Trainee: 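Pasting a structure here, questions to come.
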Amino acid sequence: MICISTPSPTVAGTTAKPFSSSFTTTSPTFSWPLFSKNFNNHAINSHKVSCNINVGSSHNNFVNNVDRRDVLLGLGGLTGVVSLTSVPSVGAAPLAAPDISKCGTTALTGFKPGEGTPTGGDCCPPDSSKIMDFQFPKVKTFKVRPAAHLLSTKYIAKFNEAIKRMKELPDDDPRSFKQQAHIHCAYCNGAYTQSSSGFPDVEIQIHNSWLFFPFHRWYLYFYERILGSLIDDPTFALPFWNWDTPAGMTIPKFFNDPKSAIFDSKRNQNHLTAVVDLGYNGADSNTTDIEKVKNNLAIMYRQMVSNATDGTSFFGGEYRAGIEPISGGGSVEQSPHTPVHRWVGDPRETNGEDLGNFYSAGRDTLFYCHHSNVDRMWSLWKMLGGKHKDLTDPDWLNTSFVFYDENKNLVRVYVKDSLLTTQLGYDYQRVDVPWLNSKPVPRAPGSGIVNKLIGKVKKTDEVNFPVKLDKIVKVLVKRPGKSRSKKAKEEKEEILIIKGITYDSEKYVKFDVFVNDEDDDVSAPDQTEFAGSFAQLPHKHKGKSSSKTNFRAGLTELLEELEADDDDYVLVTVVPRSGTEDLTIDAIKISFA
Ligand code: C2O
């Protein structure tokens with residue numbers, strides 16, 4: 001089911017109105033042109049939403065438009081199908097929500113803390129013995145998350161007031177600004193173990209796997225409800241930092257007002273009004289603003305389109321009870337999500353606080369607007385159709401988390417209930433999506449280029465793995481097949497996999513990957529040869545300072561564009577960008593997936 005929100009002709013300055021009863025059954029199923037090329041961004045502040053559902057009378061349209069499997073899996077808040085909300089048994093494969101009464105100190109004890117680090121590394125929420133299972137809101141009010149750079153003064157004032165009230169709550173109130181920020185720290189710095197899944201010695205980590213999108217969706221969902229309730233406005237919707245469109249590529253201005261509650265002093269002072277670098281390497285480059293914008297759009301295309309051709313590439317790899325997330329983060333999580341964190345984080349702080357380090361990221365209000373846009377990417381990606389579908393693995397769908405709601409109730413939520421924003425009562429303002437037309441262009445296309453390198457550049461079986469990334473690594477990787485039919489390509493993507501990346505998890509780590517780029521001066525992101533980036537934000541684990549994971553990039557479209565589809569090998573160049581001195585790689589492979 002797709003809801004399309006269209007700009008209402010009313011004048012800017014008003015906020016998104018509730019449109020409880022304005023659902024219609026007339027809108028067509030989504031198709032690309034609905035990303036309205038001629039959209040007048042500046043005139044929008046109120047919206048009309050049309051959905052192919054008719055709430056209140058018949059739900060048949062909804063049912064017809066939802067994958068039947070999803071309904072069976074309990075996606076049906078609006079359909080009346082009951083969710084599978086039983087408590088997972090010990091040792092069950094999906095990760096069960098943490099037992100917050102067992103929340104421990106984080107790995108941050110002994111970490112060189114920035115000012116205001118939780119005392120003794122403690123990020124734990126107030127305890128509660130009562131857990132409620134999540135119920136879908138009865139969609140009486142519908143929220144439209146607006147683009148932050150297009151907000152009216154009135155909306156900014158409302159957002160500011162809500163944050164101010166949140167900051168005024170006592171620290172031990174689970175809705176307080178501090179407790180809300182701690183959620184992020186608790187779920188990613190080792191405060192929670194998998195004890196409820198039967199693995200008390202294994203930490204919970206919600207980054208670097210298929211839990212990234214659903215965890216953050218739920219986090220923001222409750223954050224937004226709390227803010228709305230504090231200003232008594234159930235229509236309040238969290239703005240999104242629209243960094244994927246040129247006009248949104250700076251920190252939205254109102255974040256820079258030191259008098260506002262939204263302000264955070266711990267941000268990179270050189271970036272307050274600068275064009276964001278979605279591929280940030282940990283230091284400023286000397287590219288011009290125009291080049292940056294071009295590169296940003298190309299990075300968006302790369303990560304949302306050619307590197308996200310299937311669920312695993314987009315969401316990240318599996319993460320089940322009893323293990324750590326080692327299979328690899330999804331395309332958007334790695335970039336632009338991670339570089340944006342680091343680009344905003346303050347280099348004057350020991351650990352890049354606030355946004356530049358996981359434990360402190362939730363202390364910057366910009367975090368929530370950044371993640372609102374990340375969450376929007378999930379919605380946009382699904383609109384691409386075809387294989388762009390939510391995962392169906394029951395262990396993903398049945399993973400649970402707990403959050404406090406606006407009434408201070410501890411609520412257990414499941415991934416399977418997070419798949420449709422419209423079911424959760426919100427959607428995103430429709431703005432232009434310029435990166436869809438920003439496919440990178442080849443720098444040096446040509447069939448057989450790579451053949452000439454055989455004998456000059458080592459093949460993978462001539463390399464002693466693991467290799468260290470203390471300098472550029474160049475290698476010829478054999479393809480499992482070539483010159484495939486269109487049908488074969490549609491069925492399976494050719495994927496470059498960099499396996500067993502062991503890296504220092506206390507550093508900002510980034511490397512870029514290029515294919516068939518012979519030059520030592522490698523291509524820019526707006527060139528086809530640029531295949532993608534691996535990026536990790538610093539985060540402290542208990543008892544160890546390194547992590548292991550994988551990286552993948554889609555090759556089918558790239559090799560076609562580079563006219564290299566008949567070649568036997570691909571030249572892969574891995575270029576260290578930040579914190580890779582000790583990074584090692586176990587293997588580089590190409591496979592069909
Ligand atoms: Cu939980 Cu942007 O990170």
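Here, residue 1 is the first one in the sequence, and each next residue gets the next number. Everything quoted here is computed from the prediction, not taken from an experiment. Ligands are counted one by one from 1 in listed order, and the atoms in each one are counted from 1 as well.
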Trainee: Shorter than 2.5 angstrom, is that how the SG atoms of C103 and C123 come out?
Mentor: no
Trainee: Verify whether the ring centers belonging to F134 and F403 lie closer than 6.0 Å.
Mentor: no
Trainee: Using the benzene-type ring in the case of Trp, are the ring centres of F240 and H370 under 6.0 Å apart?
Mentor: no
Trainee: Any N/O/S atom of H337 sitting less than 2.8 Å from atom 2 (Cu) of ligand 1, backbone or side chain?
Mentor: yes
Trainee: Specify whether an N/O/S atom of H216 falls short of 2.8 Å from atom 1 (Cu) of ligand 1.
Mentor: yes
Trainee: Show the nearest heavy-atom pair for residues G282 and Y508, with the distance to one decimal.
Mentor: N-CE2, 3.7 Å
Trainee: Please state the angle at atom 2 (Cu) of ligand 1 spanned by NE2 of H341 and NE2 of H371: what is it, rounded to 10 degrees?
Mentor: 120°
Trainee: Looking at H207, pick out the N, O or S atom nearest to atom 1 (Cu) of ligand 1 and give its name.
Mentor: NE2
